[in-house]
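Note that the structure is predicted; figures quoted are calculated from it, not measured.
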Amino acid sequence: MALFSIQRSALLSLFAGLALTVWAAQWAAGVAESEARHEFQQAAAIRTLQLKERLDAYEGVLRGLQGFFAGSEEVDRGEFHRYIVRLELKQDLPGVQVVGFARWVPLAEREAFITAVRSDRRLLAEGYPTFAIRPPGERPEYLVIDYTEPPQGNEAAFGLDLLSESERRSAAERARASGAAAATAPITLVQETGRQSSFLLLLPIYRNGASLLTIEERWAAFVGVVYAAFRVGDLARGVFGEDAERLDLRIDDVGLVGVAGGAVADAQPLLRLMPSAIRSSPAPFSSETLFDFAGRQWRLRIDAVDAPAAVKRTATAVLAGGALISALVFALLQSFSGSRARALTLADAMTHELRESEARTRAVLDNTLDAIITIDEQGLVESFNLAAENLFRYRTEEVLGRNVRMLMPAPYAGEHDGYLSAYRRTGVRKIIGIGREVVGKRSDGSCFPMELAVTEVIVNDRRRFIGLVRDISERKKMEQLKNEFVSTVSHELRTPLTSIRGSLGLLEGGIAGELPTQAKALIGIAATNCDRLVDLINDILDVERIASGRMSFQFATQPLLPLIEQAVAANQGFAVQHDVKLAIVARLAEGSVHIDADRLLQVLANLLSNAAKFSPPGETVDVSLRRRGDRLRIEVADRGPGIPEEFRARIFDKFSQADGSTTRAKGGSGLGLSISRALVERMGGEIGFSSEPGHGACFWFELPEVAPLSGTVLADEGGVGGEASADTPRVLVCEDDTDVAQLLAILLQRAGYQVDHAPSAAMARELLASRQYAAMTLELGLPDETGIELLTSLRASKGGFEVPVVVVSGSPDLVTPGLGGALAVVDWLDKPVDAQRLSAALKRAIRGTASQPTRILHVEDDVDLVHIVAAQFGSRAEIIEARTLSTAKAELATRTFDVVILDLGLPDGSGLELLPLIQGLAHPPPVVVFSASDAATPLAAQQAVAASLVKSRTSNERLVQIVRGLTPSAASAEPGRRARLAGEDVTKNEKENDDEC
């Protein structure tokens, strides 16, 4: 009975399936026809849009040509030819037969026009001796084709009167009257050799400057038309490409816009493309569109070609497929009774395998070291592996179904749901796919740092997020230990090393009297090894600051050659020790870069010292500066042993050195080249080398060249004054009159100053911010603000403005009572300028007064270092010692000082706390920070120090030089030095490099 029931069900399913198949075939045919119709309509719309866009592009070409005529008094034949050639119409806009210009010629000027064309030799040397207006005959006016491009193949059009034929005349008159583009009805071009229909597109050209508001004014100003001729078949192939050979397409001109009725009887055929044989039955689908073009109305009709075949194929496929499925269902039901047991067995096996797979997956997750948490779109936890339980100290059942923010402290917990909702709403990812460091919260409320990576998966159309969590507490501890180590190296090693090196320097200098020869040798050995240790410590600290991104840069645009010359001069002494010379063999006088000058000098010092160490005695290290495209290239070439092949791949790595005995004999830490590469790349450059074993090495680096700052040094006319040296005081001339500025420049250059010119207050501010000046001349009547307003704002700015000012102005002396007061004006000179008085005023401004003795407050908790600095100054200065902040504050409250030497790490606080107190004094002294910490970044924000020096990087002589340059006595001996030192950041050391292989 059961078998009969199954067989009956099989027969019923077969008949039902066949009936359903017939219905489905009909339905599928209808759907296929609908889709085919929709696709056809879309394709027809796209082709119509392609045609419109191409026609608009052609009109745009004529608009550009119209503008070309409007921008010139007279466009000759040669200019017209060059303009059209540059358009490259054949490649960019195919379909154009000819582009030309037709000139309007009244009857009275006909003969003169013909003579002018015949004798026109701008394009052809022989001119056009056979030119004539066609068709011949006298008419009141002519519109003669004068220029044609290309001329080859269009000779029949040259000289044609467009007014001699009705369709061309109609379009020309419409363009002339309206000023808009006008297209002709279908015509046959005079140069046509086939049977294609064509049309012309015309744009009027009017006399430049004429009023064109009315029709009468446009008629009166009419000069001619620019036009393009199109063969419609070529146009269609240019628009549709290879598709043109497969389209059943027709284009008809149905008349003028506003007049055309769109009737078939009124239409004039423009184009008919019909690749297939003429059909006896109508097309299954068709699309017809009317659109306006240049005053005429066109009808575009596109017929479908093979849509019915697709519909039939679809119906046949559905019938065949349905019948096959019905037969298969029947066969399956027939075999169902024998397969049921096997199916149940198979299902049991699959269920068992699925359970085993789930168990394996769970085992993998539970034995993974990283915590893995899965949440849904609402942030609810769906899975929690064993590592997550151990990390967060929750059992899985305690977190499943709860919001994952329970595992986060504030503010992360409050932000989490916002991230998810914003992602669902906008799709913008904030945390998904991005590893980040956050803070987690355990069940006992304790927090710990963790690394979180979130990925997104879609399972069963549901979005889930998988979080991979790793405890980074140990890594954070190691980072803290590293920071503490760096701090220890910075303070606990730099400070005693500074004392040791300073003491050795004083002994070498003879402060304790003449030393025995053996003692001198021992002190020299100690000083050399102390320098090596200092260099190693500084290199290690530089590497750490580069890696952590804390290395500060002070970028400025400046010429590159003076920096190279400075580096070569600074390293000549080191080269002499190795019996080597440094020489600049290729100079590029002009070339500026945007760099940190001190960092660049550090790179050059590394490369030059390497080259000197590895050059044979008596050889020369060649330094060159060249331009390579938009970059400037600096090369340092030696004649040493070269770089071994096996070492080249890691030459820029940290602590990298070749293994040869020659290299080891030279010493070094192997950090200099790594630091140099980091510095060059941070300044936007690239570094590299070339070497041939046994023939030396050439290290190079390239930097992007930039334009120099505007307002650069004024030329010294007639060679007066010669070439200024780097130590020559620089004066800023703030003057808007160019002639007066040039005169002042000549006077000041003759007096031995370098001169920059600022024609406005804004330019003066830019130059004052980028360079140091010994003095400044000021015109009161500047174009953007008065000189008094400029000077007042500069004096009131944060950090103050200490550049002496000499007013040179033709304005009445309105502020003479303020001289030497709030504005601190040194002198007031009326125009015309007295050269001797100007020179005297500047000398007085730059030198200042030297009558007061030098008193220095040294804030330092290291007693030995205080004694060494005091010994270095000797009797030239009075050193007041302050070991704590409180002592320093008391000294500043009771005495006045010329300079303050300030250590940042004091027993009772940071030395930075003294800066506001010093700046608040009636006469704040300049501050020189001399500390084991690199304080360039915070000090730049304070803008309250004159120099920032780092212990172990700064020699005794350099410290004394900086401090003396900031005192009145030094100012009188070295004009302009104090102004140059103001704001100087001496945080880098031009040192030996130990990286060469």
**Request:** Determine, step by step, whether Ile251 and Trp298 satisfy the side chain to side chain contact (heavy atoms under 4.5 Å, CB included) criterion, reporting the C-alpha distance in whole Å, the side-chain angles of both residues, the deciding distance to 0.1 Å, and the verdict.
**Result:** CA-CA 7 Å; Ile251 303 176; Trp298 286 8; 4.1 Å; yes

**Request:** Taking the six-membered ring for Trp and the full ring for Phe, Tyr or His, determine whether the centres of Phe113 and Trp104 are under 6.0 Å apart.
**Result:** no

**Prompt:** Do the ring centers of Phe80 and Phe68 come within less than 6.0 Å of each other?
**Reply:** no

Between [X] and [Y] (salt bridge meaning N to carboxylate O under 4.0 Å), is one present in this structure?
X      : Y      : answer
Arg134 : Asp161 : no
Arg176 : Glu173 : no
Arg103 : Glu141 : no
Arg77  : Asp146 : yes
Arg628 : Glu702 : yes
Arg765 : Glu785 : yes
Asp252 : Arg250 : yes
Glu126 : Arg121 : no

**Request:** Kindly determine whether Arg63 and Glu59 satisfy salt bridge (charged side-chain N to carboxylate O under 4.0 Å, His left out), including the steps that lead there.
**Result:** CA-CA 6 Å; Arg63 291 285 182 193; Glu59 184 175 342; 3.4 Å; yes

Gap between atom [atom2] of [Y] and atom [atom1] of [X] - 0.5 Å precision:
X      : Y      : atom1 : atom2 : value
Leu588 : Leu560 : CG    : CG    : 8.5 Å
Cys734 : Met776 : SG    : CE    : 4.5 Å
Glu288 : Thr48  : CD    : OG1   : 10.5 Å
Tyr227 : Arg168 : OH    : CZ    : 9.5 Å
Ile84  : Arg86  : CD1   : CZ    : 9.5 Å
Glu779 : Leu790 : CD    : CG    : 11.5 Å

**Request:** List the steps, then state whether side chain to side chain contact (heavy atoms under 4.5 Å, CB included) holds for Thr148 with Val99.
**Result:** CA-CA 6 Å; Thr148 58; Val99 177; over 6 Å; no

Check whether [X] reaches the backbone of [Y] with its side chain - one donor and one acceptor, N or O, closer than 3.5 Å.
X      : Y      : result
Ser72  : Glu74  : yes
Asp784 : Ala761 : yes
Glu79  : Asp76  : yes
Thr214 : Glu217 : yes
Gln97  : Phe230 : no
Glu155 : Gly153 : yes
Arg231 : Ser198 : no

Within the structure provided, determine whether [X] and [Y] are in side-chain contact (heavy-atom separation under 4.5 Å).
X      : Y      : value
Thr289 : Ser287 : yes
Phe291 : Gln297 : no
Arg110 : Ile133 : yes
Val96  : Tyr58  : yes
Phe69  : Tyr206 : no
Leu732 : Thr777 : no
Val98  : Phe158 : no
Arg174 : Leu256 : yes

Taking every non-hydrogen atom, the tightest pair across [X] and [Y]:
X      : Y      : value
Ala210 : Ala221 : CB-CB, 3.5 Å
Gly137 : Tyr142 : O-OH, 2.9 Å
Arg122 : Gly78  : CB-N, 4.3 Å
Ser592 : Thr557 : CB-CG2, 4.3 Å
Tyr773 : Val731 : CD2-C, 3.8 Å
Leu143 : Ala172 : CD2-CB, 3.6 Å

**Message:** Tell me whether the count of non-hydrogen atoms from other residues, nucleotides or ligands lying under 6.0 Å of CD in Glu88 goes above 12.
**Reply:** yes

**Request:** Test side chain to side chain contact (heavy atoms under 4.5 Å, CB included) on Phe293 and Leu201 and set out the steps.
**Result:** CA-CA 10 Å; Phe293 171 64; Leu201 179 63; 3.8 Å; yes

**Request:** Apply side chain to side chain contact (heavy atoms under 4.5 Å, CB included) to the pair Leu160 and Val144, showing each step before the final yes or no.
**Result:** CA-CA 5 Å; Leu160 178 66; Val144 186; over 6 Å; no

Are a donor atom and an acceptor atom from the side chains of [X] and [Y] found within less than 3.5 Å of each other?
X      : Y      : answer
Glu167 : Thr184 : no
Gln191 : Asn154 : yes
Glu735 : His757 : no

**Fill in**
Per salt bridge (Lys or Arg N to Asp or Glu O under 4.0 Å), Glu705 is matched among Arg627, Arg631, Arg626 by Arg627

**Plane angle bin for Tyr147 and Phe101 - parallel if under 30°, tilted between 30 and 60°, otherwise perpendicular** = tilted

**Item:** Passing candidate, side chain to side chain contact (heavy atoms under 4.5 Å, CB included) with Val225, options Leu203, Leu62, Ile145, Leu162
**Value:** Leu162

